Amino acid sequence: MASSNKELEDFLLSQALELHQRPRVIIEFTKNVGADKIINDIEHFPHFFVLGSIMNQQIVFQRGWIIPYFISELLNGKDFESFLKLDLATTKSIFHEHSLHHFNDKMAFAFHAAIQKIHFEYDNDASNIWTWDEPDCKTVIRRFQEFHRVGQKISTMAVNVLVRDFKLPLPNHRAIDVSGDVHIERVFKRMGLAPRDAKIKEIIEIAQKIYPEYPGFYDSVCWEIGNGWCKPSNPDCEQCPLNGKCPKII
DNA sequence: ATCCAGTCCT
DNA sequence: AGGACTGGAT
């Protein structure tokens with residue numbers, strides 16, 4: 001850690017505690033109320049959450065999360081069996097025709113491969129990823145990473161959402177790191193929690209030192225700060241909740 | 001017109 | 001460690 005800033009860290013802690021301790025509420029993954037209802041319903045439509053997680057990279061998050069919902073509308077079915085009918089060529093043509101993603105070819109492949117994995121390895125029920133054998137967080141993160149194009153960022157984000165937002169009682173929060181994406185990297189540096197030249201790996205290690213019992217605890221707060229105020233250029237420090245506590249290291 | 005992004009690949 | 005991917009944002 002570059003230097004200790006107790007006031008800042010206490011504020012982050014209080015914000016994170018609020019998020020983690022509140023009762024389960026509907027999370028806004030998209031700008032579509034109908035889609036959000038389905039993505040939040042991991043008890044009945046867990047594949048929307050898993051597929052949406054995988055799509056949620058390199059594009060604004062709402063656009064990624066809505067991809068499974070958009071495709072379910074095309075297929076006229078929300079059950080997993082509807083998705084299972086998709087072959088790779090059809091999946092690719094849907095992605096390209098509607099420009100669902102920046103990386104339509106790769107993401108269509110990942111989408112199709114994920115459906116096949118849920119079919120063959122999780123008995124057509126994506127929630128088995130976090131229910132089979134009563135896994136701990138480390139196991140669930142590993143299972144997410146076994147999907148095509150799921151790495152450190154997506155796997156930790158997904159499990160963080162399962163624990164923090166969906167209130168799943170998964171043990172071993174020590175395994176949940178911060179998601180190493182650009183928001184977390186930028187905000188950690190500007191807050192003075194990480195040196196200016198820190199690599200993603202170092203950011204993750206710094207978060208482990210700050211809160212070892214749950215390194216990804218501050219992830220959501222920092223991500224919201226980065227998305228809402230701490231923009232790459234022209235950060236809106238005046239309106240930022242951290243104004244007055246943040247050293248604003250640009 | 002240039003910049004940017006997680007994961008995979010070299 | 002460093003580049004490719006690819007199209008929306010700036």
Side-chain angles (χ1 to χ4, degrees), chain A residues 29-32 35 39 49-71 88-89 91-118 121 129 137-138 140-162 175-190 194-208 215-216 218-220 222-237 239 250:
Chain A
F29 291 99
T30 71
K31 291 173 177 167
N32 179 313
I39 301 167
F49 172 71
V50 173
L51 294 169
S53 297
I54 300 170
M55 297 299 107
N56 188 30
Q57 47 183 299
Q58 296 155 299
I59 53 178
V60 292
F61 71 96
Q62 295 97 335
R63 188 173 162 215
W65 281 109
I66 206 162
I67 290 174
Y69 186 79
F70 182 92
I71 292 179
L88 178 58
T91 310
K92 283 193 177 185
S93 66
I94 290 172
F95 270 74
H96 278 108
E97 183 181 346
H98 303 280
S99 191
L100 262 28
H101 202 279
H102 272 197
F103 297 84
N104 286 309
D105 224 57
K106 283 183 151 83
M107 286 304 149
F109 186 91
F111 193 88
H112 178 259
I115 291 165
Q116 298 304 307
K117 185 184 265 298
I118 293 166
E121 297 181 30
I129 294 167
C137 292
K138 187 176 181 181
V140 181
I141 288 169
R142 198 205 67 233
R143 286 176 177 170
F144 267 95
Q145 290 202 19
E146 287 167 354
F147 283 82
H148 276 276
R149 304 210 74 80
V150 175
Q152 199 276 341
K153 189 259 182 178
I154 297 297
S155 59
T156 54
M157 177 209 68
V159 177
N160 230 339
V161 173
L162 289 175
I176 309 180
D177 282 317
V178 289
S179 299
D181 66 9
V182 283
H183 283 314
I184 297 300
E185 180 177 355
R186 187 177 66 253
V187 173
F188 263 58
K189 289 177 180 178
R190 287 186 178 163
R196 295 259 286 285
D197 59 352
K199 302 280 186 289
I200 292 285
K201 187 169 173 289
E202 296 173 65
I203 308 269
I204 292 166
E205 290 167 357
I206 288 164
Q208 289 169 351
Y218 296 144
D219 189 276
S220 178
C222 296
W223 195 92
E224 294 292 344
I225 298 283
N227 188 52
W229 300 277
C230 197
K231 307 282 188 183
S233 55
N234 303 318
D236 188 6
C237 295
Q239 301 298 319
I250 303 293

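All figures in this text were calculated on a predicted structure; none of them were measured in a lab. In the text below, chain A, chain B and the rest are named by the order of the sequence lines, each starting its count at 1.
In this entry the distance linking NZ of K92(A) with C1' of dT6(C) reads 14 Å, nearest Å.
If you check every strand for non-hydrogen atoms under 4.0 Å, I59(A) touches nothing.
Not counting sequence neighbours, the partners of H98(A) by the ring pair (Phe, Tyr, Trp, His ring centres under 6.0 Å) test are F70(A). Partners of D181(A) under the side-chain hydrogen bond (donor to acceptor under 3.5 Å, both in side chains) rule, at least two apart in sequence or in another chain, are W223(A).
Residue I129(A) is tested with R143(A), K117(A), E121(A) for a side chain to side chain contact (heavy atoms under 4.5 Å, CB included); the sole match is R143(A).
A 4.0 Å heavy-atom criterion places the boundary nucleotides of DNA chain B facing chain A at dA5(B) to dC8(B), written 5' to 3'.
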Contacts table for residues 61-68 of chain A: side-chain donor-acceptor under 3.5 angstrom, sequence neighbours left out:
unit_1	atom_1	unit_2	atom_2	d
R63(A)	NE	L100(A)	O	3.4
R63(A)	NH2	S99(A)	O	2.9

Give every donor-acceptor pair under 3.5 Å between a side-chain atom in residues 144-152 of chain A and any protein atom, sequence neighbours left out.
unit_1	atom_1	unit_2	atom_2	d
Q145(A)	NE2	S155(A)	OG	3.0
E146(A)	OE2	R142(A)	NE	3.2
Q152(A)	OE1	G180(A)	N	2.9
Q152(A)	NE2	V178(A)	O	2.9

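Sequence order on DNA chain B of the closest nucleotides to V182(A) and F147(A) puts V182(A) first from the 5' end.
When the shell of 6.0 Å around NZ of K138(A) is examined, it contains 12 or fewer heavy atoms from other residues, nucleotides or ligands. For K231(A), the NZ atom counts as densely surrounded, since its 6.0 Å shell holds more than 12 non-hydrogen atoms of other residues, nucleotides or ligands.
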Under 3.5 Å between N/O atoms: give me all the protein pairs with nucleotides 8-10 of chain C, atom names plus distance.
unit_1	atom_1	unit_2	atom_2	d
dG8(C)	OP1	S99(A)	OG	2.9
dG8(C)	O4'	H102(A)	NE2	2.8

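Nearest heavy atom pair, residue K153(A) against residue N56(A), reads NZ-O, 3.2 Å.
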